[in-house]
Amino acid sequence: MKIICIGRNYAKHIEELANEKPDNPVVFLKPDSAILPKKMPFFIPPFSDDIHYEVEILVKINKVGKYIDEKFAPKYYDEIGLGIDLTARDIQAQCKAKGLPWEKAKAFDGSAVIGNFYPKEQFDLDNLKFQLLQNEVLVQDGNTNAMLWKIDELIAYVSQYFTLKKGDVIFTGTPAGVGKVATNDILVGKIENYEAFNIKVK
Ligand code: ZN
């Protein structure tokens, strides 16, 4: 499986990182080796002093598809989840400054926290609340109603470039409030009233 990530999908997050608003979704990939194994802590890697959390709504693809029309996109997913796109912000800043690819900052081992998935029918996908709590303090408070590109638009867009396969996961971008993780942090993610993940940082 592969992980397809969307960058800069919430206006307030674009502002907080002083990025330009893109004309099209920013897309990057993480390999399956980036997935943090279930029930394992996240170990801060030795190459970074500035690992940031980015809580994001996830979409799990349920069948193969390419050039998917936006109106047919709902047929390609049954489940919505929540995860964290862990980012080495210091490495990413170096990559950005040199115009280099982001993989070292975004696709390293453990950088993809994938929490629980839930049937999409139980949510209003255009008005879905999700949150990240760091040591019980609310640090990111998102709602899909602030997405620049909605889930179905993202599926249509990315499937022009990448054949989507069953089991692929799309990270749909983070809202404002990103910040640094520290040793011994507890990171809890919630969709509406469900606890989708609970991980420890070491
Ligand atoms: Zn992200």
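Just so you know, ligand 1 is whichever comes first in the structure, and atom 1 is the first atom listed for that ligand. Throughout, numbering of the chain's residues begins at 1 and tracks the sequence.
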Participant: By atom name, which N, O or S atom belonging to E54 lies closest to the Zn ion (ligand 1)?
Facilitator: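 Nearest N/O/S atom of E54: OE1.
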
Participant: What atom name does the N, O or S atom of E56 nearest to the Zn ion (ligand 1) carry?
Facilitator: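 Closest N, O or S atom of E56 to the Zn ion (ligand 1): OE2.
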
Participant: Can a cation-pi geometry be assigned to K120 and Y77, taking NZ or CZ under 6.0 Å from the six-membered ring centre and within 45° of the ring axis?
Facilitator: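 Yes, K120 lies over the aromatic ring of Y77.
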
Participant: Would you check if there is a donor-acceptor pair between the side chains of Q122 and Y194 at a distance under 3.5 Å?
Facilitator: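 Looking only at side-chain atoms, Q122 and Y194 do form a donor-acceptor pair, the distance falling under 3.5 Å.
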
Participant: Check D85 and report its N/O/S atom nearest to the Zn ion (ligand 1), by atom name.
Facilitator: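 Looking at D85, the N, O or S atom with the least distance to the Zn ion (ligand 1) is OD2.
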
Participant: Does the Lys NZ or Arg CZ of K63 fall within the cation-pi geometry relative to Y76 - under 6.0 Å from the ring centre and within 45° of the axis?
Facilitator: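 Because its charged atom sits under 6.0 Å from the ring centre and within 45° of the axis, K63 does stack over Y76.
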
Participant: Is a donor from one side chain sitting under 3.5 angstrom from an acceptor on the other, for N143 and N127?
Facilitator: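 The criterion, which ignores hydrogens and geometry beyond distance, is satisfied for N127 and N143.
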
